[in-house]
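Small disclaimer: the values here were computed from a predicted structure and weren't measured.
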Amino acid sequence: MGKPRSARSAGGDTRVRRSVLGALAGVAALLATGVTAAPAGAAPDPGVMTPSAQERALAFWTPQRMREATPLDLLTVDRSDVRTPAPRTGKAAVVAPSAPASAMGPLAFPHGGGPWSAGGAVTKTAGRVFFSYQGRTASCSGNAVTSANKSTVITAGHCVKLEGAWHTNWVFVPGYHDGQRPYGTWTASKTLSTPQWTASEDINYDIGAAVVAPLDGQKLTDVVGGQGLAFNTGYNKAMYSFGFPAAAPYDGEKFIYCSGTTTRDFLLSKDHGLTCNMTGGSSGGPWFTQFSEATGTGLQSSVNSFKYNFLPNAMYGPYFGTDAQNLYQSAQSS
């Protein structure tokens, strides 16, 4: 288990600041946590949730609690949180989207952050994630993907486990907007992450997944469709990033996107980097390669993970290598 991270509140009070590369380098992971809720104990590793726990989670997330899940704006990470020189790689692999294609209009590329107004399949597959974390309500973002169990959501590792504890009351709300839940609230039956994040919260492997229970007798991707995935497909790609940032200037109610050609992080991680002004709450939102603005479908190749606090307009997302592929296989076979 690595050293615990410490957060700075949205109001700006710093409890703990640990240095990275001397005085320069705090890393802002985009976990959104907020108001006090009922105390939550850690769920059993790897985040298995019983049917009764799922029922409690569904009842817990009232519209008011979702509105009050406001973000902390900074989560610091030091050099000890990067324990491997680079993600393991293997043969390139692609999973095709299963989401129905729906027509929409083109938007600007590249784009540093703004509302996604073009519609398409991504507005159904992506959504907000809500959970309890250290006795607080919290939110992230996530995305439904094509899977054998038709029930798999991909998100960030810190959106399922942080500081040694698995989050509780975990739900996924696809297509969330302006307080609306057009496709329902889906409770997790299991949350899981890469071995490196599970064991030591290594920022290179900040990838999580959830298997959600059926809702009203239907499975998730039968209702909203599933995006494709790509593993081990390299760097410097044209990508689109999506999420529900909830820290200023955003409020968590709008679906936001960024787009551009990625770079490889040259500081601490081996992540993809993208110009993007999204803030807390966007963590876990999908990054796509081969994304079609005409249909809103693509291949998920990363997730929103962290920012350096001295580079507020640069977002970083983990490389989807062999361990990300293994995580996906474990989730879809659950």
Side-chain angles (χ1 to χ4, degrees), residues 1-5 27 29-31 42-49 75 77-95 129 131 133-134 140-143 145-149 151-168 170 172 188-212 229-235 264-265 268-272 283-287 300-306 316-334:
M1 176 63 218
K3 296 178 182 179
R5 300 166 174 79
V27 178
L30 301 180
L31 172 69
D45 187 347
V48 174
M49 300 180 190
L75 194 69
V77 180
D78 69 15
R79 184 181 291 277
S80 69
D81 293 300
V82 182
R83 293 174 175 80
T84 51
R88 292 194 302 154
T89 59
K91 293 182 179 179
V94 169
V95 177
V129 169
F131 51 88
Y133 161 70
Q134 293 189 344
C140 276
S141 303
N143 182 61
V145 294
T146 299
S147 56
N149 60 12
S151 303
T152 296
V153 176
I154 300 296
T155 186
H158 69 266
C159 296
V160 297
K161 174 187 177 286
L162 188 64
E163 296 181 0
W166 294 88
H167 304 322
T168 58
W170 203 100
F172 176 59
S189 59
K190 182 178 184 180
T191 53
L192 55 165
S193 187
T194 56
Q196 296 85 353
W197 185 263
T198 299
S200 58
E201 299 184 4
D202 186 330
I203 199 67
N204 269 330
Y205 296 89
D206 184 18
I207 310 163
V211 179
V212 296
L229 300 103
F231 304 99
N232 292 304
T233 52
Y235 289 91
R264 184 171 178 170
D265 182 17
L268 290 185
S269 76
K270 301 301 180 183
D271 284 15
H272 303 282
S283 283
W287 292 36
Q300 184 164 354
S301 304
S302 188
V303 296
N304 297 322
S305 176
F306 75 90
Y316 293 88
Y319 184 83
F320 271 22
T322 299
D323 290 284
Q325 185 177 8
N326 290 342
L327 171 64
Y328 164 70
Q329 296 291 1
S330 295
Q332 74 162 347
S333 61
S334 296

At their closest point, which heavy atom of [X] faces which heavy atom of [Y], and how far apart are they?
X    : Y    : result
G142 : V129 : N-CG2, 3.9 Å
V212 : W170 : CG1-CZ3, 4.5 Å
Q300 : V145 : OE1-CG1, 3.5 Å
G321 : N232 : CA-OD1, 3.3 Å
I203 : S305 : CD1-OG, 4.0 Å
S302 : P318 : OG-O, 2.8 Å

Restricting to side-chain hydrogen bond (donor to acceptor under 3.5 Å, both in side chains), what partner residues turn up for S151, sequence neighbours left out? none
Distance-only side-chain donor-acceptor flag, S147 / N149, under 3.5 Å: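 N149 and S147 do have a side-chain donor-acceptor pair below 3.5 Å.
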Can you check side-chain contact (heavy atoms from CB on, under 4.5 Å) on K161 and H158, steps first, answer last? CA-CA 5 Å; K161 174 187 177 286; H158 69 266; over 6 Å; no
Measure the acute angle between the ring planes of [X] and [Y], then classify it against the limits of 30° and 60° as parallel, tilted or perpendicular.
X    : Y    : value
H272 : Y235 : tilted
F306 : Y316 : parallel
H167 : F131 : parallel

Spacing of [X] atom [atom1] and [Y] atom [atom2] [to the nearest 0.5 Å]:
X    : Y    : atom1 : atom2 : result
Q329 : T322 : CD    : OG1   : 11.5 Å
F231 : Y328 : CZ    : OH    : 6.5 Å
D265 : Y319 : CG    : OH    : 15.0 Å

Verdict with reasoning, V160 to W166, per side-chain contact (heavy atoms from CB on, under 4.5 Å): CA-CA 6 Å; V160 297; W166 294 88; 3.9 Å; yes
Could you give me the CA-CA distance, side-chain angles and deciding distance for T198 and Y205, then say whether side-chain contact (heavy atoms from CB on, under 4.5 Å) is met? CA-CA 9 Å; T198 299; Y205 296 89; over 6 Å; no
Looking at residues at least two apart in the chain, or sitting in another chain, which of them share a side chain to side chain contact (heavy atoms under 4.5 Å, CB included) with A209?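 So A209 forms a side chain to side chain contact (heavy atoms under 4.5 Å, CB included) with I154, L192, L327, A331.
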Those residues that, when tested against F172, pass ring pair (Phe, Tyr, Trp, His ring centres under 6.0 Å) (two or more places apart):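 Once residues adjacent in sequence are excluded, F172 has no partner under the ring pair (Phe, Tyr, Trp, His ring centres under 6.0 Å) criterion.
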Check step by step if side-chain contact (heavy atoms from CB on, under 4.5 Å) holds for D271 and N204. CA-CA 7 Å; D271 284 15; N204 269 330; 3.6 Å; yes
